[in-house]
Amino acid sequence: MSEISELRPTEILLSEAQIQKRVAELALDIRHDFPDDLHVIAVLKGAFIFLSDLIRHIPGHVSLDFMAVSSYAKGTTTSGEVRLLKDLDTALSGRNVVIVEDIVDTGLTLTYLQDILLNRNPKVLRTACLLSKPSRRQIDVKVEYVGFTIEDRFVVGYGLDYAERYRNLAHIAVLG
Ligand code: 5GP
């Protein structure tokens with residue numbers, strides 16, 4: 001059988017309670033930094049659960065938009081290639097924009113996104129990532145809000161998939 005069917009979530013790296021507590025903290029940090037205008041851009045698909053929990057902890061008004069990129073084929077290794085699959089619906093000019101991403105690994109995807117979005121003249125552009133794997137970084141990309149720093153392990157759950165599986169786990173687990 002293929003590699004896909006043999007790999008499964010094993011140990012729990014981050015529990016649902018740990019994630020929920022940290023996401024609430026990040027939400028308040030972001031609101032504190034942008035008390036008025038705040039426009040959040042989520043990167044599909046992996047960030048959708050992080051986004052939905054995050055915005056429910058942000059008091060006051062926040063607007064949303066979505067982008068979709070593809071940086072991974074099936075499997076657990078990066079292709080190094082980033083493709084824009086879905087662009088934004090709204091302009092960013094003069095807005096305080098926060099990109100919401102599931103995980104920063106090599107940094108290729110975020111660097112690509114930040115370059116595209118900076119060209120659209122936001123007033124401020126910042127990035128929030130639930131997870132960061134600094135040991136894997138190929139590009140020194142700036143991420144202002146990091147949920148958790150983790151070791152170089154392939155993780156699933158809380159929006160993160162392996163071959164489109166396991167996004168629905170409430171916790172984050174190591175694939176093994
Ligand atoms: P980067 O361009 O920083 O190497 O990769 C970013 C993207 O790779 C993430 O948005 C995510 O889709 C995927 N990725 C990186 N590490 C992991 C991981 O441990 N688990 C999963 N499911 N996806 C990952």
Side-chain angles (χ1 to χ4, degrees), residues 14 18-72 78-152 154-155 157-161 167 172:
L14 296 163
Q18 281 175 295
I19 297 169
Q20 291 302 326
K21 180 170 177 282
R22 186 69 187 121
V23 170
E25 289 168 359
L26 289 175
L28 294 182
D29 289 348
I30 293 171
R31 181 84 280 173
H32 174 267
D33 295 347
F34 302 106
D36 303 317
D37 177 54
L38 176 59
H39 187 57
V40 171
I41 294 174
V43 185
L44 296 171
K45 300 173 195 169
F48 82 106
I49 293 184
F50 177 34
L51 171 86
S52 72
D53 283 343
L54 187 77
I55 59 165
R56 282 180 287 178
H57 286 289
I58 296 177
H61 179 70
V62 51
S63 54
L64 293 183
D65 207 344
F66 295 93
M67 285 186 107
V69 295
S70 156
S71 57
Y72 267 63
T78 183
S79 63
E81 184 199 340
V82 179
R83 282 190 307 139
L84 183 58
L85 303 177
K86 185 215 169 290
D87 204 344
L88 300 174
D89 295 332
T90 47
L92 302 184
S93 181
R95 304 293 309 270
N96 295 324
V97 176
V98 176
I99 304 172
V100 172
E101 176 62 304
D102 50 7
I103 184 164
V104 52
D105 187 25
T106 63
L108 293 169
T109 310
L110 261 185
T111 302
Y112 171 83
L113 283 175
Q114 289 177 350
D115 287 350
I116 293 185
L117 299 185
L118 275 174
N119 270 326
R120 299 180 186 185
N121 302 314
K123 186 170 158 198
V124 179
L125 181 68
R126 291 197 182 169
T127 304
C129 283
L130 181 69
L131 304 173
S132 172
K133 288 189 211 171
S135 64
R136 294 258 311 160
R137 211 71 93 239
Q138 289 177 22
I139 303 180
D140 187 18
V141 64
K142 202 167 170 193
V143 181
E144 287 83 1
Y145 310 98
V146 174
F148 301 92
T149 297
I150 62 168
E151 304 288 309
D152 178 14
F154 194 84
V155 292
Y158 199 70
L160 287 155
D161 76 310
R167 292 192 196 276
I172 289 174

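Note that the structure is predicted; figures quoted are calculated from it, not measured.
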How many angstroms lie between [atom1] in [X] and [atom2] in [Y], if you round to the nearest 0.5 Å?
X: Leu160; Y: Phe154; atom1: CG; atom2: CZ; answer: 7.5 Å
X: Ser135; Y: Asp105; atom1: OG; atom2: CG; answer: 8.0 Å
X: Ile49; Y: Leu54; atom1: CD1; atom2: CG; answer: 13.0 Å

By salt bridge (charged side-chain N to carboxylate O under 4.0 Å, His left out) - contacts of [X] (at least two apart):
X: Asp37; value: Arg95
X: Lys142; value: none
X: Asp89; value: Lys86
X: Glu25; value: Lys21, Arg22

Those residues that, when tested against [X], pass side chain to side chain donor-acceptor pair (under 3.5 Å) (two or more places apart):
X: Asp65; result: Thr90
X: Arg31; result: none
X: Gln18; result: Ser15

Pairs flagged by salt bridge (charged side-chain N to carboxylate O under 4.0 Å, His left out) wherever residues 38-53 is involved - sequence neighbours left out:
Lys45-Glu164, Asp53-Arg56
Not counting sequence neighbours, list each pair that qualifies as a salt bridge (charged side-chain N to carboxylate O under 4.0 Å, His left out) and has a residue in residues 106-125.
Asp87-Arg120
Heavy-atom closest contact ([X] atom, [Y] atom, distance):
X: Ser52; Y: Ile55; result: O-CG1, 3.7 Å
X: Tyr158; Y: Ile19; result: CZ-CG2, 3.5 Å
X: His39; Y: Ser63; result: ND1-OG, 2.7 Å
X: Gly107; Y: Val141; result: CA-CG1, 4.0 Å
X: Gly46; Y: Asp102; result: CA-OD2, 3.2 Å

Decide yes or no for [X] and [Y]: does some side-chain heavy atom of the first lie under 4.5 Å from some side-chain heavy atom of the second?
X: Ile172; Y: Ile150; value: no
X: Thr149; Y: Pro134; value: yes
X: Arg137; Y: Val104; value: yes
X: Leu108; Y: Ile139; value: yes
X: Arg83; Y: Tyr112; value: no
X: Met67; Y: Leu84; value: yes

Which residues satisfy the side chain to side chain contact (heavy atoms under 4.5 Å, CB included) test with [X], sequence neighbours excluded?
X: Thr127; answer: Ile99, Leu110, Gln114, Cys129, Val143, Glu144
X: Asp36; answer: none
X: Phe34; answer: Ile30, Leu38, Asn96, Val98, Val124, Arg126, Tyr145

Got a sec: does the CD of Glu151 have more than 12 other heavy atoms crowding it under 6.0 Å?
no
Run through Ile103, Leu14, Val155 and flag the one making a side-chain contact (heavy atoms from CB on, under 4.5 Å) with Phe148.
Leu14
